[in-house]
K.L.:
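First the structure, which I've put down as structure tokens, then a few questions once you've had a look.
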Amino acid sequence: MKNMMEVKDLTFTYSGASEPSLKAISLPVEKNKVTALIGPSGCGKSTLLRGMNRIHDLYPGHRYEGAINLLNADEKAYTNILDIKKEAELIRLRQRVGMIFQKPTPFPMTIFENIAYGLRLSGVKKRTELQEVVEQSLRDAALWEEAKDRLSHDARGLSGGQQQRLCIARAIALKPEVILFDEPTSALDPISTLAIEEMISVLREQYSICIVTHNMQQAARISDYTGFMYLGEMIEFDQTDTIFMKPSQKQTEDYISGRFG
Amino acid sequence: MELFFRKIAQLSASLVFVILAATTIVLYLSAKPAIEEFGVKFLFESRWGEEEKVELSPTELSDLESLEADKGAPINDDFIEDDDDFIMDDEDFITDDDMEFGDNKSRVVYGALVPIVGTVFSTLIAMLFSVPIAMGIAVFLSEIAPGALAKPVGIAIELLASIPSIIYGMWGLFYFGPFIAGLFGGNTVSLLVAGLVLGIMVIPFMAALSRDAITTVPDMLKESAYAMGATKLEVIKDVVFPYARSGIIGSIILSFGRALGETMAVAFVIGGVYQFAGKVTDPTNSIPVVLANSFAESSGLSLSVLFYLALILFVLSFIVIASAKVYFLRKK
Ligand SMILES: Nc1ncnc2c1ncn2[C@@H]1O[C@H](COP(=O)(O)OP(=O)(O)OP(=O)(O)O)[C@@H](O)[C@H]1O
Ligand SMILES: [Mg+2]
């Protein structure tokens with residue numbers, strides 16, 4: 001089973017909307033690979049990503065059709081996460097499928113507590129265990145050197161780029177299987193952007209990653225697969241090289257070459 | 001133009017300090033005679049408007065005794081009684097006091113302890129009662145209620161917050177007081193009724209302000225907590241409240257200040273008697289109520305006493321609010 005997640009014929013309609021925002025989308029998220037989603041603004045990239053950890057369900061009334069399959073821990077079969085009804089299972093899902101947002105969102109607590117937060121939620125209390133995970137996560141997010149002397153300071157005192165790395169550290173502290181990134185660098189300067197891109201290439205060895213980006217160079221640099229979306233449809237999905245070098249759809253080619261969007 | 005606006009803004013800002021200083025000075029000057037007469041003892045004295053024979057300290061007493069011994073005329077009760085009759089009112093008393101140091105005399109005593117205690121306790125009851133309820137309303141409106149419900153209820157809360165306090169007072173006197181008396185026994189006007197009416201009065205105010213503070217929490221921040229597997233309760237407790245902390249505490253402090261200085265709502269339901277409430281269901285008094293009830297019939301020293309009382313309320317509010325700010329907001 002090389003796919004960690006599989007979106008199958010997903011149609012998604014926002015509550016109160018007459019038209020679906022996603023129309024029969026299919027997409028694999030391969031294990032230990034980076035899958036990028038590109039497309040013009042409003043084409044439904046965030047909508048798709050937010051379905052994959054069912055964060056949409058925080059607001060009532062949205063409708064899903066189709067399936068989003070997540071590989072079980074035993075790696076033998078898939079579970080359709082759209083079938084999940086119980087709150088406790090949704091919480092478990094969100095611990096397995098982490099998410100990084102468009103802007104850094106440090107919680108109003110110390111750096112240490114930010115990273116320990118997810119573990120505390122899942123019931124870990126032992127100080128030594130928390131300390132271990134906090135250090136390891138900060139190291140993996142390339143933030144340890146900068147943050148080790150100020151773990152007890154408010155996380156909102158970090159710079160924007162550091163805050164975003166903190167959010168990544170916070171997500172990987174939970175050892176998720178998939179990490180979803182929704183334009184993680186759109187609020188950052190070029191240097192911080194580069195740091196995050198490098199980190200994603202490293203994280204790929206342990207996690208399966210799906211990233212939405214507006215920056216086509218970024219998609220070309222860091223992803224293995226790329227999906228091009230337009231008006232709620234998946235126009236083309238292929239290896240990143242193929243999408244950028246010889247796309248099979250006219251629309252993809254036009255978008256890549258900057259002729260629209 | 002830029003300069004003009006800056007000047008205007010500076011002027012308005014400095015006006016605040018001018019008003020603050022002017023208020024303090026006027027209060028102090030008007031209270032001065034009473035401060036000189038009663039000193040700090042005023043704060044710990046529980047009698048109000050009672051005449052007393054001036055008690056002399058042991059040293060003064062012994063001085064007096066030796067003086068009397070020289071004269072060969074011992075102190076007797078008749079003489080003092082006589083003196084009592086002679087003093088007719090405050091003005092006389094003051095001149096009397098100035099002229100005849102060391103003689104036996106009587107004076108009218110004023111003390112602030114009863115209204116101070118009444119004010120503090122009615123405000124505490126109000127806060128204990130209103131903070132949890134107001135927080136519940138604020139969280140419900142901003143985080144739990146669906147939009148279709150949150151809007152109208154929110155507007156209703158804002159309307160309630162703008163009802164003049166005298167209406168709460170009347171309602172408290174005629175309906176709520178008897179209801180509470182039926183529930184807990186005791187009087188229909190009491191410290192408890194005053195505290196609860198005050199609490200009810202500040203709930204909408206506090207809830208509306210706290211809700212506004214809570215709605216400033218970015219959706220993305222809450223979503224990130226949910227994305228870590230937090231439940232609604234955990235998000236509210238760990239993210240929403242800490243993020244909106246300064247706004248929420250600000251709303252509590254403002255409500256506290258309002259309760260501390262509230263006059264009309266309390267005047268109806270506290271009883272207005274100069275005695276401590278032995279039980280919470282007993283009537284007592286509060287500083288603003290004393291002020292409102294006594295200004296019309298006061299003059300001279302008794303008027304100055306009211307200003308002293310006002311100064312105490314002013315300082316009390318200032319200390320409470322300043323220390324609450326320092327304590328709760330010291331960490332960013
Ligand atoms: N909460 C919502 N309710 C109704 N419609 C929504 C909602 N959020 C988004 N939409 C609609 O869904 C469509 C897809 O939006 P989405 O945010 O997924 O686009 P996107 O590809 O992420 O765009 P961007 O690159 O600008 O972030 C848009 O047409 C948008 O108007
Ligand atoms: Mg988006």
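Since the model is a prediction, treat every value here as computed from it, not as a measurement. Residue numbers start from 1 in every chain, and the chains themselves are labelled A, B, ... in the order their sequence lines are given, proteins ahead of strands.
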K.L.:
Would you mind checking which part of A:Arg92 comes under 4.5 Å of any heavy atom in chain B, side chain (CB onward), backbone (N, CA, C, O), both or neither?
P.N.:
neither
K.L.:
When you look at CZ of B:Phe205, are more than 12 heavy atoms from neighbouring residues, nucleotides or ligands closer to it than 6.0 Å?
P.N.:
yes
K.L.:
Picking from B:Lys232, B:Met228, B:Glu234, which has the most non-hydrogen pairs under 4.5 angstrom with chain A?
P.N.:
B:Met228
K.L.:
Tell me, side chain or backbone of A:Pro106 under 4.5 Å from chain B's heavy atoms, or both, or neither?
P.N.:
backbone
K.L.:
Hey, which of A:Ile100, A:Leu93, A:Ile91 has the most heavy atom pairs under 4.5 Å with chain B?
P.N.:
A:Ile91
K.L.:
As an exercise: rank A:Asn53, A:Ile55, A:Val97 by heavy-atom pairs under 4.5 Å with chain B and give me the winner.
P.N.:
A:Ile55
K.L.:
Determine, stepwise, if the pair B:Glu223 / A:Leu58 fulfils side-chain contact (heavy atoms from CB on, under 4.5 Å).
P.N.:
CA-CA 8 Å; B:Glu223 285 172 4; A:Leu58 296 179; 3.9 Å; yes
K.L.:
Assign the ring pair B:Phe176 / B:Phe179 to parallel, tilted or perpendicular, where the plane angle (0 to 90°) is split at 30° and 60°.
P.N.:
tilted
K.L.:
Under 4.5 Å from any heavy atom of chain B, what part of A:Gln102 do you find: side chain, backbone, both or neither?
P.N.:
both
K.L.:
Looking at chain A, which one of B:Ala227, B:Pro218, B:Ala230 has the largest number of heavy-atom pairs inside 4.5 Å, strictly under?
P.N.:
B:Ala227
K.L.:
In terms of heavy-atom pairs under 4.5 Å with chain B, which of A:Leu174, A:Thr105, A:Leu90 leads?
P.N.:
A:Thr105
K.L.:
Using 30° and 60° as the class boundaries, would you call the ring planes of B:Trp171 and B:Tyr168 parallel, tilted or perpendicular?
P.N.:
perpendicular
K.L.:
Please verify the inter-ring angle class for A:Phe12 with A:His56; under 30° counts as parallel, over 60° as perpendicular, anything in between as tilted.
P.N.:
parallel
K.L.:
Which residue is it: A:Lys31, A:Lys175, A:Met4, A:Glu177? I am looking for the one with a side-chain contact (heavy atoms from CB on, under 4.5 Å) to A:Tyr207.
P.N.:
A:Lys175
